[in-house]
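First the structure, in the form of structure tokens, and then the observations on it.
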Amino acid sequence: ANEAMGALQAPVRSIGEIDHDGDDPGVTTGYSALDGLMTTGGYPAGQMSVISAYHKGGKTTFMLSSALLQLAASKRVLWATFADLNEKQLKRRMLRNLCGWSKRPDRLDLAADYDEQLGWLNRATMDVYDATKLTSGFDVDTFAMWLQAHAGMAGYDCVFVDYAQKLRASKATGNRFAESDYCSEVVARLAAQVSLPIVIGSQITPGGKDGETKTKNSRAWEEDAGLVVRLKREGSMIECEVPYSRFGPSGEFTLRWDQERLRMVAS
């Protein structure tokens with residue numbers, strides 16, 4: 001029955017009915033240097049974007065900083081965590097980004113700034129999907145079904161997923177490489193289904209015999225992505241490379257690491 005319904009709803013139109021006018025849509029990354037490389041002006045809608053770095057290389061910090069910059073631009077953001085930061089830890093990291101404090105300081109002048117930023121964050125148009133709280137359904141398929149059901153009503157502009165190597169399939173394959181390929185396909189297809197940018201962090205590892213750097217477990221994450229950004233930290237500077245984009249040229253730009261607030265800012 002499901003196959004029959006799928007056949008009846010096949011996405012087939014005559015070429016003359018297809019409206020090709022206009023630019024491909026996108027949502028600002030918060031970083032003008034990166035937005036300027038994209039014909040979409042930011043993360044491409046309907047595509048998966050991959051932010052990759054070596055272990056502890058700053059992928060979560062980049063995405064968190066980007067999400068806060070989007071919120072400052074009045075965008076509606078969903079953050080889905082499958083990794084180390086649960087919802088409470090995520091909020092503390094965001095406050096650290098905004099004011100330098102994850103908990104209310106004792107000094108009155110610092111506390112006043114903390115209270116102001118906390119008030120702003122509490123009013124921000126952001127939701128958090130914390131998969132670490134689930135006793136079952138801790139998988140990419142459950143998240144995909146939830147987002148398909150809620151994306152339209154919630155009116156999200158951008159979705160962040162932290163991070164690729166923590167995602168699991170609902171049915172274990174027993175092979176992490178095959179499971180990574182499957183999860184990448186699900187996320188890329190999900191972005192197209194909900195017509196939103198889905199930004200996902202991914203670890204990278206040095207290449208094997210060919211010496212080519214690749215995403216951990218599977219190359220599929222970069223192969224399925226519409227945008228790939230690689231981060232490399234050199235002291236207080238972050239070298240950002242765009243090795244692949246479907247919506248613009250390859251390029252490079254730099255960001256500055258703010259150790260006090262654990263954030264990345266334009267250099």
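All values derive from a computational prediction rather than experimental measurement.
Ionic pairing of Glu87 and Lys91 is not present here: no N-O contact between side-chain nitrogen and carboxylate oxygen is shorter than 4.0 angstrom. No salt bridge links Arg76 with Asp157; every basic N to acidic carboxylate O contact stays at or beyond 4.0 Å. The pair Glu222-Arg230 counts as a salt bridge, with a side-chain nitrogen and a carboxylate oxygen less than 4.0 angstrom apart.
Inter-residue side-chain proximity for Asp162 and Met63 is flagged as met; some heavy-atom pair is nearer than 4.5 Å. Contact check for Leu147 versus Val159: side-chain heavy atoms found under the 4.5 Å cut-off. By the 4.5 Å heavy-atom criterion applied to side chains, Tyr43 and Ser66 are counted as neighbours. In this structure, the side chains of Val242 and Phe253 come closer than 4.5 Å at one or more pairs of heavy atoms.
Side-chain polar atoms of Gln203 and Tyr54 form no donor-acceptor pair below 3.5 angstrom. For Asp35 and Thr29, the side-chain atoms include at least one donor-acceptor pair closer than 3.5 Å. Side chains of Thr142 and Asp139: a donor-acceptor N/O pair is present below 3.5 angstrom, by distance only. Under the 3.5 Å distance criterion, with hydrogens and angles disregarded, no donor-acceptor pair is assigned to the side chains of Ser202 and Ser52. Of the N and O atoms on the side chains of Asn86 and Thr132, not one donor lies less than 3.5 Å from an acceptor on the other residue. In this structure, a donor-acceptor pair under 3.5 Å is present between the side chains of Thr61 and Arg93.
Here the side chain of Ser267 pairs a donor or acceptor atom with the backbone of Thr254 at under 3.5 angstrom. No donor-acceptor pair closer than 3.5 Å links the side chain of Arg104 to the backbone N or O of Trp101.
In terms of the side chain to side chain contact (heavy atoms under 4.5 Å, CB included) criterion, residue partners of Glu116 (sequence neighbours excluded) are, by chain and number, Asp113.
Tested against Met264, the residues Leu64, Asn97, Ile238 include a single side chain to side chain contact (heavy atoms under 4.5 Å, CB included) partner, Ile238. Partner of Tyr129 under the ring pair (Phe, Tyr, Trp, His ring centres under 6.0 Å) criterion, chosen from Trp146, Phe160, Phe138: Trp146.
When all heavy atoms of Ala225 and Tyr244 are compared, the closest pair comes out as O-CE2, 3.1 Å. Between Val186 and Ala144, the closest heavy-atom pair is CG1-CB, 4.1 Å.
Both the sub-6.0 Å distance and the 45° axial angle are satisfied by Arg233 relative to the ring of Trp257.
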Please lay out, stage by stage, how Met126 and Leu78 fare under the test side-chain contact (heavy atoms from CB on, under 4.5 Å). CA-CA 6 Å; Met126 179 176 179; Leu78 172 68; over 6 Å; no
